[in-house]
Amino acid sequence: MAVDKKMEDFLRLMEKNARLPMEEIAAMLDISTEEVGRLMDEAQEKGYIHGFETLVDWDQAGVDRIEAMIELHVSPRKSCGFDEIAQSIAAFNEVDTVYLMSGTYDLLVELKGHTFQEIALFVAKRLSPLDDVISTSTSFKLRTYKQSGRLYQGEEVDDREWNE
């Protein structure tokens, strides 16, 4: 069952900027601040909102951080399909995100670490040996241009890049 229009509008505002003051949200939705509080509580209770995160540009902050995306081919189980293997992979502390995908692979796993070796060892020693994992393909993020709908501005132009 889909949420009502008021909740949908509230969720869209929160998705773009979770730091909006309640008074601004109330004005934008033409409701009271008390109603905003009720919507926020309901959204959390019903699992529509799973946290409030800040989008950090770690490169700009000068913090060494490696991110990798691992494409997995897995063997689904008859009783639960991909759910059980996805949940067991998601339980690893090193794993940031797990998606069930359509297309050329089954699961996409996102990891964050401090070194390439740290991620490579996790894939080799913990992920690949799982019984249901058929194969893995790891790609490392080199640069972020846009994330969660936001452009990363003010980046230095690499002289090796082609400019017209």
Side-chain angles (χ1 to χ4, degrees), residues 1-3 7-20 25 37-156 158 161:
M1 183 169 113
V3 298
M7 178 60 82
E8 182 180 346
D9 291 344
F10 168 75
L11 292 171
R12 288 186 192 282
L13 285 173
M14 294 301 293
E15 183 177 41
K16 292 294 180 194
N17 184 355
R19 287 189 49 130
L20 280 173
I25 296 170
R38 188 195 64 71
L39 286 170
M40 188 170 293
D41 290 343
E42 179 184 344
Q44 287 178 294
E45 286 170 15
K46 291 188 174 179
Y48 305 152
I49 294 176
H50 291 274
F52 300 91
E53 297 179 1
T54 300
L55 187 60
V56 177
D57 186 337
W58 292 107
D59 293 334
Q60 186 71 21
V63 175
D64 289 334
R65 183 169 149 148
I66 305 298
E67 294 181 40
M69 280 55 101
I70 297 98
E71 300 169 1
L72 295 176
H73 288 277
V74 299
S75 179
R77 296 187 180 160
K78 289 182 182 180
S79 62
C80 59
F82 295 100
D83 292 343
E84 193 172 312
I85 183 67
Q87 290 168 356
S88 65
I89 291 169
F92 286 121
N93 289 334
E94 297 88 344
V95 172
D96 186 63
T97 306
V98 179
Y99 298 111
L100 176 62
M101 305 295 291
S102 67
T104 59
Y105 53 92
D106 304 310
L107 298 174
L108 179 65
V109 177
E110 294 181 1
L111 299 176
K112 294 180 172 113
H114 297 288
T115 66
F116 289 105
Q117 183 179 15
E118 179 183 339
I119 289 174
L121 286 173
F122 172 78
V123 173
K125 293 187 179 228
R126 302 205 56 209
L127 200 54
S128 294
L130 294 174
D131 289 338
D132 298 319
V133 174
I134 298 168
S135 67
T136 67
S137 176
T138 303
S139 299
F140 290 96
K141 182 183 90 171
L142 301 177
R143 185 179 212 183
T144 301
Y145 295 98
K146 186 176 186 178
Q147 183 175 341
S148 299
R150 291 182 173 75
L151 291 171
Y152 278 43
Q153 306 275 333
E155 295 182 0
E156 294 178 22
D158 187 335
E161 292 179 6

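Only this structure's heavy atoms are used, side chains among them; waters, hydrogens and symmetry mates stay out. Keep in mind it's a predicted model, so treat the numbers as computed, not measured.
Minimum interatomic distance between Val123 and Pro129 (heavy atoms only, all atoms of both residues): O-CD, 4.1 Å. The shortest heavy-atom contact between Val74 and Asp106 is N-OD2, 2.8 Å. The shortest heavy-atom contact between Ile119 and Ala68 is CG2-CB, 3.8 Å. Leu127 and Leu72 get closest at one heavy-atom pair: CD2-CD2, 4.1 Å. Between His114 and Glu118, the shortest heavy-atom distance links the atoms N-OE1, 3.0 Å. Between Val95 and Ala90, the shortest heavy-atom contact is CG1-CA, 4.3 Å.
Between Met40 and Met14 there is a side-chain heavy-atom pair separated by less than 4.5 Å. Proximity of Glu15 to Leu11: side-chain heavy atoms (C-beta onward) are nowhere separated by under 4.5 Å. Asp9 places none of its side-chain heavy atoms less than 4.5 Å from the side chain of Leu13. Residues Val98 and Leu108 form no side-chain contact, since every pair of their non-hydrogen atoms from C-beta on lies 4.5 Å or further apart. Thr144 has its side chain out of reach of Trp58: every pair of non-hydrogen atoms, C-beta onward, lies at least 4.5 Å apart. Under the 4.5 Å side-chain criterion, counting only non-hydrogen atoms from C-beta, Gln44 is in contact with Phe52.
Shown here is His73, whose NE2 atom has more than 12 heavy atoms of other residues, nucleotides or ligands within 6.0 Å. The number of heavy atoms from other shown groups lying within 6.0 Å of CG (Asp131) does not exceed 12. Shown here is Phe140, whose CZ atom has more than 12 heavy atoms of other residues, nucleotides or ligands within 6.0 Å.
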Inset, instruction - List the steps, then state whether side chain to side chain contact (heavy atoms under 4.5 Å, CB included) holds for Lys141 with Met69. - result: CA-CA 8 Å; Lys141 182 183 90 171; Met69 280 55 101; 4.1 Å; yes
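In this structure, Thr138 contributes its side chain and Ile70 its backbone to no donor-acceptor pair below 3.5 Å. Not a single donor-acceptor pair under 3.5 Å links the side chain of Asp96 to the backbone N or O of Lys112.
For the atom pair CD1 (Ile49) and CG (Asp41), the distance works out to 9.5 Å, reported to the nearest 0.5 Å.
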